Structure formats: structure tokens, C-alpha cells
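For reference, the structure is listed below as C-alpha cells.
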Amino acid sequence: MTNSTKKPVSVKKNSKRRHSRSIVSRKNLTIPISVFGNVMKQFDAAAKKLKMDSSIMDFIKMPRRSTIVNLPVRMDDGSFKMFKAYRVQHSIARGPAKGGLRYHPDVTLDEVQALASWMTWKCAVVNIPFGGGKGGVVCDPNKLSEGELERLTRRYVADMIELFGPDDDIPAPDVGTGPKVMAWFMDTYAMRENRSVPGVVTGKPISLGGSLGRVEATGRGVMLCTREAAKHLKIDLSQATAAVQGFGNVGSIGAKLLHDLGVTFTHVSDVHGAIHNPKGINIDDLIKYLHAKKSIIGFPGTKTVRPDAVLFAKVDILIPAALENVITEKNADKVRARIVAEGANGPTTPEADKILAKNNIFVIPDILCNAGGVTVSYFEWVQNRIGYFWPEDEVNRRLEEKMVAAFQDVLEVSKKNRATMRIAGFMVAIMRVVDVVEQRGIYS
Ligand code: GLU
């Protein structure tokens, strides 16, 4: 298997592969930041504090199985195009592998391994009986027709069908995918099995066995964690200001629910750019505007600003809700928020983490902050298994219970060990995985 992060490559200035979220320059070389390398550093820092048996640590930190396939897909013009695709099962120690399926042009094996690993720790932090997995297809879903996307999804399932199943590996939406892709996924799997298997994916449309509250769940979890952090830091949310980077499912819903609690959003950005209004942006109206115009730019009452202005805004709460490696050692010193609530997976590098900690910024780590999505995925899977569906307020009540308990568990370990919330989150998760591995034993 090749790993794009292994050897330093120099990248042309305007090359398509050059992506600011994953590149650092050292002298004349540009070296991609290995996202999986970042998870390793986070893991190692927590493992060091735990002082546990190093052979178990070696066992639980590496991805269990990584699969790479090349998918031929018939395009609308009759031609065939090849798409590289991955599924990584990082761990099945605590239950079936669980995690999203990402469609994005910059997907790499390194990234999918990192995302799969974060899923293991995320599921353990919120204490749900899953391991970690992740899938990815190198494609730009915005440039594919609905028919092409459907054929791509069905071929993805068919080529790796033996990996999936409600007791094996359960995908869900991630960047670039949503309920529609999950419906095709479930249908392909069910056709191949010749029976109905709703529990093979989560994040399905409601009429196909999806859970009420699943679409909003990740954003709701971000709101709940931010609310708990504000309580802990004695910040009054009705007086608080915020900035959100990324206005997709997680960023927009997280911002909407915090806005409902009285938080004033002064900065919002999406893939098209960033907007600012020092008096506050009405998030409900912005969501309607986005649906109509497909971009946040030009929203009445706001002016367009540089995307950087969002990360460096002087606000109480900063929500990075886009992709990895946006807060790095190069810019972390410019972050002026009091709370960083990680809606995205991996937005902060380990080097940046140290700078944020030194500047006394309270980071709610991704494996806690955005765990609301997979928590309601768990509820969806449970409802699929019992064949009985809960009302939305019950889903939300159970989600709140899980998120608040997880936040308190991590906060307690953080205080006891004088560790950041990230390291404490990893400590909680590692302890839970190690407990299971010790009880099961290692089959060798
Ligand atoms: N893709 C989401 C995440 O990164 C959800 C995963 C799931 O529900 O399985 O947490």
C-alpha cells in the first residue's frame, strides 16, 4: 500500500493537489501534514500519561484493515471513469466498525486511516458499543450527476460487500455524502443479500428506517458541548459572540442551535468565502438564503471578508466545522477565541494544540465535540434492530444524556491529570478500549 505522506514532495504553487489545509513548508520543501501522523501524536501523548502496557498500545493504535479499490463507473456520456476508493476498519474491539463515507477530491488513504482511528476514540468517548471505520472516494460530488453518483455508490458497495453488515461495519454520511447516498448503499446491500437490512448503514432517509434527529445530531452535539464548556468557564451564552468556519450540515445546525440560545454570530464562512457583521448574523435567515442562493456570500447586512478573518475573529466561541488541519503551528497564535469547538474532524494539528493550550484557549476536541452524529447513528441502529422508532424528543433527550456524561467524564480526567481536553478525551477512550481488549484477550 502506498501512503502519500511518506516522502516529502515539492508541489507546484498552483497545482490542484496543493491544499492549504494539509501542507506545511519547510525551507524550500512543501510537505503534506500526515493526518494519521497527527492522530498518532495525540494517541501517544495520552498513552504516555496513562503509563499502560506498551504492547497493548501498539495493538490498539494501528488500523486493523485497510482496503483500496479502483471503481469503474459509467458516466452519463457513455464513457467509463476510474475512481479510487477506500474503506478502513481501524478497530472492532468494542463492536462493529462504525464511521462515515466521504466523497471529496482530496481523499487519501492517510486521511481515511486518521478518520477511522478518530471514530474508534469517538465511539469510546461517548461510550457506544462500536469500533471505528471510515470510507472515502476520490471524487468531486458536485461535478457528478445524480446517476453517476448512484452508480459510483452502488459499485463501491458491491466491490467491498464482504466488509459491510450490521454486525461488521456500518457506514454513515460524512463530507460530500448524505441520506440519498445511504439509501443507495442500503438498497445495493439489501439486493445482494436478498433481504431487508436497514441496519447496514445509518443516516438513512426517515422513510427507509432513518432516525428522527439524525440530520441535526452532529450540530446538536456541538451545541451541547459548547453549552457545557461555557457553563464550566462561566461564560454567559446570551452575551457570547461566535464565529463558524464551514456552513455545511455541522456548522449551520450547530450555529443555529447556539443562536437559539442567544449566541451572536459575527463571522461565518463556507467554501465560497466569509461574511461578517459586528452586530450579528441572523443564522435562521442565513440558512434560508444559502438554500436559495447556494452560497452565503451577499447575505444582506454583511460584508465579505477574508476567510482568515473567521479563524482569527475576537469572539468567545470559534467553531471550525470544515476539514482537517486548518489551525496549525503557523496560525494558532492568532486565534483569539476562548473556546474552540471542533465540529470538524481534525481541524487542529498537535503543534497548534500546544499553542492554544499555552494561550489558555479551551478546546473541545473533535472526538467529543462532534460525537453527536455517531451517537444518534447508534440510536438509529438500535431502532433498526428492535424495529420500533422513537419520537424526536426521545432521541434528543438520550443524545443530551450521552453528550453531557461524556463531557463530564473528559473534564474530570482533564482536571485530575492536568491534561488538555483533547489528551483527556484520548485517555478516557484508550482506557475503555484497553479494558475490553484485556477482558477479551488477544487471539494469536
Ligand atoms: N461521519 C460522522 C463522523 O465523523 C458520523 C459517523 C457515523 O455516524 O457513523 O462522526
Side-chain angles (χ1 to χ4, degrees), residues 35 39 86-92 94-104 107 111-126 128-137 141 163-179 181-182 185-186 198-205 209-222 224-225 246 248-251 253-254 320-324 341-347 364-384 395 399 402-403 406 425 429:
V35 201
V39 193
Y86 308 96
R87 185 71 191 174
V88 174
Q89 297 175 339
H90 177 265
S91 171
I92 54 166
R94 287 173 43 89
K98 182 82 191 84
L101 171 58
R102 176 171 294 199
Y103 287 179
H104 193 279
V107 162
E111 182 192 39
V112 181
Q113 287 185 322
L115 292 163
S117 170
W118 276 317
M119 287 309 302
T120 301
W121 315 120
K122 193 184 297 187
C123 292
V125 164
V126 282
I128 56 178
F130 288 139
K134 202 79 167 201
V137 180
L163 296 178
F164 302 114
D167 293 314
D168 307 271
D169 185 346
I170 309 140
D174 196 80
V175 174
T177 60
V181 170
M182 296 305 115
F185 195 114
M186 185 202 79
V200 68
V201 278
T202 57
K204 298 178 290 294
S211 176
L212 293 169
R214 174 62 185 87
V215 168
E216 299 80 11
T218 313
R220 184 171 291 276
V222 171
L224 291 166
C225 283
N249 171 274
V250 181
I253 293 168
L323 293 165
E324 302 94 47
E342 294 186 336
N345 289 309
I364 315 169
D366 45 9
I367 57 170
L368 169 64
C369 195
N370 70 38
V374 74
T375 301
V376 175
S377 277
Y378 167 53
F379 298 157
E380 180 173 329
W381 180 79
V382 168
Q383 293 170 80
N384 291 157
V395 172
L399 172 63
K402 281 266 179 215
M403 295 302 298

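A quick note: this is a predicted structure, and the numbers were derived from the prediction, not measured. Whatever order the structure lists ligands and atoms in, that order sets their numbers, starting from 1.
At a 4.0 Å heavy-atom cut-off, ligand 1 touches N345 through the side chain alone.
Listed by atom number, the atoms of ligand 1 under 4.0 Å from G99 heavy atoms are 9 (O). Interface atoms of ligand 1 facing K122, defined by a heavy-atom separation under 4.0 Å, are 3 (C), 4 (O), 10 (O). For ligand 1 and K134, the ligand atoms under 4.0 Å from any heavy atom of the residue are 1 (N), 3 (C), 4 (O). Near D174, meaning under 4.0 Å from one of its heavy atoms, ligand 1 places the atoms 1 (N), 2 (C), 4 (O). Proximity to M119 (heavy-atom distance under 4.0 Å) selects the following atoms of ligand 1: 3 (C), 4 (O), 6 (C), 10 (O). Per-residue contacts place K98 under 4.0 angstrom from the following atoms of ligand 1 (heavy atoms of the residue considered): 7 (C), 8 (O), 9 (O). For ligand 1, the atoms lying closer than 4.0 Å to a non-hydrogen atom of V374 are 7 (C), 8 (O), 9 (O).
Two residues are said to be in side-chain contact when any heavy atoms from C-beta on lie closer than 4.5 Å; S211 and T202 fail this criterion. Between V39 and W121 the shortest side-chain heavy-atom distance falls below 4.5 Å. Residues V126 and M403 meet the side-chain proximity criterion, which asks for heavy atoms closer than 4.5 Å. Within the 4.5 Å cutoff, no side-chain heavy atoms of V376 are placed close to those of R220. Side-chain contact between V215 and N249: present, with at least one pair of heavy atoms (C-beta onward) separated by less than 4.5 Å. Taking 4.5 Å as the limit, some side-chain heavy atom of L115 sits within range of a side-chain heavy atom of E324. Contact check for K134 versus N345: side-chain heavy atoms found under the 4.5 Å cut-off.
For ligand 1, none of its N or O atoms has an N or O atom of N370 under 3.5 Å away.
Among R94, H90, Q89, the one residue that satisfies the side-chain hydrogen bond (donor to acceptor under 3.5 Å, both in side chains) test with T120 is H90.
Among all non-hydrogen protein atoms, the one lying nearest atom 7 (C) of ligand 1 is A172 CB, 3.3 Å. The protein heavy atom nearest to atom 8 (O) of ligand 1 is S377 OG, 2.5 Å. Protein heavy atom at the shortest distance from atom 5 (C) of ligand 1 is R214 NH2, 3.6 Å.
Taking 4.0 Å as the cut-off, P173 counts as a neighbour of ligand 1 on heavy-atom distance. Ligand 1 is never approached by E380 to a heavy-atom distance shorter than 4.0 Å. Taking 4.0 Å as the cut-off, R102 does not count as a neighbour of ligand 1 on heavy-atom distance.
Without hydrogens or angle criteria, K98 side chain to V374 main chain gives no donor-acceptor distance under 3.5 Å.
S377 and R214 share a donor-acceptor pair across their side chains, judged by distance under 3.5 Å alone.
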